[in-house]
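Remarks on the structure that follows.
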Amino acid sequence: MTWTATTRYGLDVAPDGLALVHDFLSTAAAGRPRQQDLLAEPAPAIEWMRGALTAWAQQWSAPVLDQVDLDALTERDLTVLRRVRDGLVDSLHARHFDTDASTGGDGRGGLVDLQVALEAGFEPDGTVHFRPKGRGWKLLLGPVALEIRRAQDAGVWPRLKSCKNDRCRGVFYDRSRNNSGVWHDVRICGNAANLRASRARRRAAAQPARAR
């Protein structure tokens, strides 16, 4: 099972259904060299959404994509998806680093006016499956909302984070025992930040010495 938006950054994907949310948030342009925004144009967005929802359906071994049109996304659909994606990333960043998400991009305000729905059905053995309902952006955001709620109920939602580096904000799943990770990749963002902080401390320490 491939979650292409997340794995292109060399990151481990979040577990279970939260992988869909992780991959959705990883469609943003980031990295070095900078990867494309997969929701900027209809063609790559449709290709990504079809793959992500297919992987999500396979994950639950349910035929949830029967009779669902995955081949139509309008410019308005893409605008809504980008707004929700960026608002969720802002909310992750604000949750861990005490910033006001409403001041960055569209912020969390881009989330509160949306309503999505899912259809639920039963298998012969009593297993419940979910089917995306609607068209365009609703096909994706219904399952995304479902998996966010599942993660919240399971207590793992706080482990999905946005990198502390404001220039990066790559989304990662924190697997540390005490949920203390702040960098999407310590080697890339963590080491660079620690080096800048070390240099700043040395400069600050040198100033009083020169003053004497």
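Scope of the values below: all heavy atoms of this structure, side chains included, with no hydrogens, waters or symmetry mates. Small disclaimer: the values here were computed from a predicted structure and weren't measured.
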Can you give me the closest heavy-atom contact between [X] and [Y], atom names plus distance?
{"X": "D77", "Y": "G136", "answer": "OD2-CA, 3.5 Å"}
{"X": "P143", "Y": "L20", "answer": "CB-CD2, 3.6 Å"}
{"X": "S26", "Y": "Y9", "answer": "O-CE1, 3.4 Å"}
{"X": "A52", "Y": "D23", "answer": "CB-OD2, 4.4 Å"}
{"X": "A19", "Y": "A14", "answer": "CB-O, 3.3 Å"}
{"X": "V171", "Y": "H22", "answer": "O-NE2, 2.9 Å"}

May I ask you to check whether over 12 heavy atoms, not counting those of E119, lie within 6.0 Å of atom CD?
->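 Yes, the 6.0 Å shell around CD holds more than 12 heavy atoms from other groups.
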Report, as yes or no, whether the 6.0 Å neighbourhood of atom CZ on R175 holds more than 12 heavy atoms from other residues, nucleotides or ligands.
->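 Yes, the 6.0 Å shell around CZ holds more than 12 heavy atoms from other groups.
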Evaluate side-chain contact (heavy atoms from CB on, under 4.5 Å) for L146 paired with W56, printing each intermediate quantity in order.
-> CA-CA 12 Å; L146 171 68; W56 176 71; 4.0 Å; yes
State whether the side chain of [X] and the backbone N or O of [Y] hold a donor-acceptor pair below 3.5 Å, judged by distance alone.
{"X": "R82", "Y": "A28", "answer": "no"}
{"X": "K161", "Y": "D174", "answer": "no"}
{"X": "T7", "Y": "G10", "answer": "no"}
{"X": "H93", "Y": "C163", "answer": "yes"}

According to a hydrophobic-cluster definition based on side-chain heavy atoms being under 4.5 Å apart (Ile, Leu, Val, Met, Phe, Trp, Tyr only), do [X] and [Y] belong together?
{"X": "W157", "Y": "Y173", "value": "yes"}
{"X": "V21", "Y": "L141", "value": "yes"}
{"X": "F172", "Y": "L18", "value": "no"}
{"X": "L88", "Y": "V156", "value": "yes"}

Cation-pi, W48 ring and R8 (6.0 angstrom, 45 degrees) |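 Not flagged: R8 not positioned over aromatic ring of W48.
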With a 3.5 Å cut-off and sequence neighbours excluded, list the donor-acceptor pairs that the side chains of residues 35-44 form with protein atoms.
from : atom 1 : to  : atom 2 : distance (Å)
D37  : OD1    : L39 : N      : 2.9
D37  : OD1    : R85 : NH1    : 2.8
D37  : OD2    : R85 : NH2    : 2.9

Could you state the interatomic distance from CG (L160) to CD (Q152), rounded to the nearest 0.5 Å?
->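 L160 CG to Q152 CD: 11.0 Å, rounded to 0.5 Å.
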